[in-house]
Trainee: 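This structure is in structure tokens; I'll ask about it shortly.
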Amino acid sequence: MDAMSDQSAPVGPGAVPLDPADAHVATASASDANWVFVETLDKHDGLRERHRFLSLPIGIGTAYRNDLILDGDDHRDGLHSAARIVRGDDGGLWVEALDGAPDLWAPGGKTRRWRVDGNASFIVGGQRLRVRTADFVPAPAPRVPVLRGVGSKAWLWALPLALVTLLFEVWIGDLDGERQSVYLTTVFSAAMVLALWAGAWALVSRLTGRVSHFLTHLALAAMAVVALFVLDYAFDTLAFSFNLAIIQKYDYALVGLVIGALVWCHAFLVVRTHARTAAVAAVLVGGALFAFQALGAYNQRGSLASSSTLSVLRPPSLRVATGHSSAEFFSDTATLKLRQRAESSRPEKPEGNDYSFDE
């Protein structure tokens with residue numbers, strides 16, 4: 001990104017301050033009220049650079065004939081991004097897309113012309129910009145959490161809730177009450193996995209933006225743990241109530257669905273990638289996890305279905321499906337025995353490469 005030195009001067013973070021002599025010349029050549037500041041922003045509306053222009057119009061685009069040169073999507077749809085900032089008949093500043101150039105992205109969607117609002121940003125050539133004048137006074141901006149409606153300190157309740165949920169899962173499976181050491185191991189293991197997961201996404205946020213949002217990513221991961229447990233328990237209860245064995249056979253698909261949804265939330269809500277990019281990442285990660293589990297089940301049992309078992313019994317009052325008669329029970333038992341004999345009669349696969357020849 002660049003700015004013409006005879007018309008603008010960078011005054012953003014890390015820029016070299018203006019020389020007093022240059023400032024005197026600038027003041028003599030143009031009134032302070034006519035100064036226009038064009039700011040380049042990141043996807044979180046954080047300031048990257050600020051350029052001061054002393055006269056209008058201001059050309060913005062990817063071609064080098066512009067006053068502000070952008071390193072953006074200059075060849076999307078085969079067109080160069082180009083716009084200019086002019087003063088309208090109403091005395092306000094306007095951003096206009098030039099003839100033959102793509103539309104602007106402004107609040108409200110695509111447009112060819114947009115009246116400048118010092119508190120809003122627009123996009124030209126894939127670069128987010130903001131325009132302000134010398135008399136603009138920014139109002140104190142309230143601190144808005146990344147996950148609106150959840151709160152900036154959601155991790156304070158999400159993380160303990162996730163750990164309590166995992167401990168509850170261990171407790172309901174501890175029939176003999178002799179697994180005290182497992183409780184402590186579960187807490188430390190879960191905390192380590194959640195921290196590593198949140199740390200990886202915090203690195204992605206830091207590389208693509210200005211803030212890591214580690215605690216926000218941690219809260220999302222913790223909420224995903226709770227959601228996975230609730231869904232798994234609800235589906236197992238549904239399978240028990242209505243005798244739906246197919247739910248238990250393919251309940252591992254819940255892991256892929258929840259992890260895919262979690263990836264989308266990380267990518268779209270926190271990292272602020274495009275919705276399509278976040279969806280592709282979610283499908284790839286969730287689909288890969290589902291395929292890995294399905295292949296594992298197939299290698300173990302020769303079928304994509306997992307073992308149909310209910311690890312935790314439900315109260316009999318939740319049973320809705322009707323029971324089987326004695327004849328049906330023994331008939332099903334005989335069918336299972338025949339299936340087991342057929343599977344046990346299959347020759348075992350030799351380990352390694354078998355180069356023996358039958359004579």
Side-chain angles (χ1 to χ4, degrees), residues 147 149-151 154-177 179 182-183 185-187 189-191 193-194 197-198 216-269 278-279 281-298 300-301 303-324 332:
L147 295 178
V150 178
W155 67 276
L156 289 176
W157 58 264
L159 181 60
L161 182 60
L163 297 178
V164 170
T165 300
L166 293 174
L167 290 177
F168 177 74
E169 185 177 13
V170 175
W171 177 75
I172 60 178
D174 187 11
L175 301 179
D176 51 8
R179 301 171 60 184
V182 179
Y183 294 92
T185 305
T186 300
V187 171
S189 300
V193 172
L194 291 175
W197 178 272
T216 303
H217 289 296
L218 182 63
L220 274 177
M223 287 186 283
V225 171
V226 178
L228 181 60
F229 172 79
V230 172
L231 289 175
D232 183 66
Y233 194 88
F235 276 97
D236 282 349
T237 303
L238 185 66
F240 171 80
S241 299
F242 296 94
N243 196 25
L244 300 175
I246 190 173
I247 293 180
Q248 294 174 286
K249 290 181 180 180
Y250 298 97
D251 62 349
Y252 61 83
L254 284 175
V255 179
L257 292 175
V258 172
I259 296 299
L262 177 62
V263 169
W264 186 88
C265 291
H266 282 300
F268 183 73
L269 299 179
V283 171
L284 289 178
V285 175
L289 184 58
F290 174 78
F292 179 79
Q293 292 177 297
L295 288 176
Y298 183 81
Q300 290 181 356
R301 288 172 290 274
S303 174
L304 296 180
S306 62
S307 57
S308 178
T309 57
L310 188 65
S311 57
V312 180
L313 295 178
R314 305 298 192 267
S317 58
L318 297 178
R319 186 73 173 180
V320 177
T322 57
H324 294 281
D332 293 340

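Note that the coordinates shown come from a computational prediction; the quantities given were computed from them, not determined experimentally. In what follows, every heavy atom counts, from backbone to side chain, and hydrogens, waters and symmetry copies are set aside.
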Trainee: Going by ring pair (Phe, Tyr, Trp, His ring centres under 6.0 Å), name the residues that satisfy it together with Phe268, two or more places apart in sequence or in a different chain.
Mentor: Trp264
Trainee: Work out which heavy atom in Leu167 is nearest to a heavy atom in Tyr183; give both atom names and the distance.
Mentor: CD2-O, 3.5 Å
Trainee: Specify the closest pair of heavy atoms between Ala158 and Ala219, including all atoms of both residues, with the distance to one decimal.
Mentor: CB-O, 3.8 Å
Trainee: Please tabulate, for side-chain N and O atoms in residues 282-297, each donor-acceptor pair with protein atoms closer than 3.5 Å (sequence neighbours left out).
Mentor:
none

Trainee: Quick one: side chain to side chain contact (heavy atoms under 4.5 Å, CB included) partners of Ala239, sequence neighbours excluded?
Mentor: Ile247, Gln248
Trainee: How long is the straight-line distance from CG of Leu231 back to CG of Leu257, given to the nearest 0.5 Å?
Mentor: 9.0 Å
Trainee: In chain order, what residues pass the side chain to side chain contact (heavy atoms under 4.5 Å, CB included) check against Val226, with sequence neighbours excluded?
Mentor: Leu161, Ala162, Thr165, Val230
Trainee: Return the minimal non-hydrogen interatomic distance between Ala221 and Leu194, and the atom names on each side.
Mentor: CB-CD2, 3.7 Å
Trainee: According to side chain to side chain contact (heavy atoms under 4.5 Å, CB included), who are the partners of Leu166, at least two apart in sequence or on a separate chain?
Mentor: Glu169, Thr186, Ala190, Val225
Trainee: Considering only heavy atoms from C-beta outward, does the side chain of Trp155 approach that of Met223 to under 4.5 Å?
Mentor: no
Trainee: CG of Leu254 to CD1 of Ile259: how many Å apart, nearest 0.5 Å?
Mentor: 11.0 Å
Trainee: Ignoring hydrogens, what is the shortest heavy-atom contact between Leu163 and Ala191? Give both atom names and the distance.
Mentor: CD2-N, 4.4 Å
Trainee: Of the options Val182, Thr185, Val187, which is the one that meets Val170 in a side chain to side chain contact (heavy atoms under 4.5 Å, CB included)?
Mentor: Val182
Trainee: Would one find more than 12 heavy atoms of other residues, nucleotides or ligands at under 6.0 Å from atom CZ of Phe229?
Mentor: yes
Trainee: Strictly by side chain to side chain donor-acceptor pair (under 3.5 Å), give each pair with a member in residues 216-225 just once, sequence neighbours left out.
Mentor: Ser205-His217, His217-His266
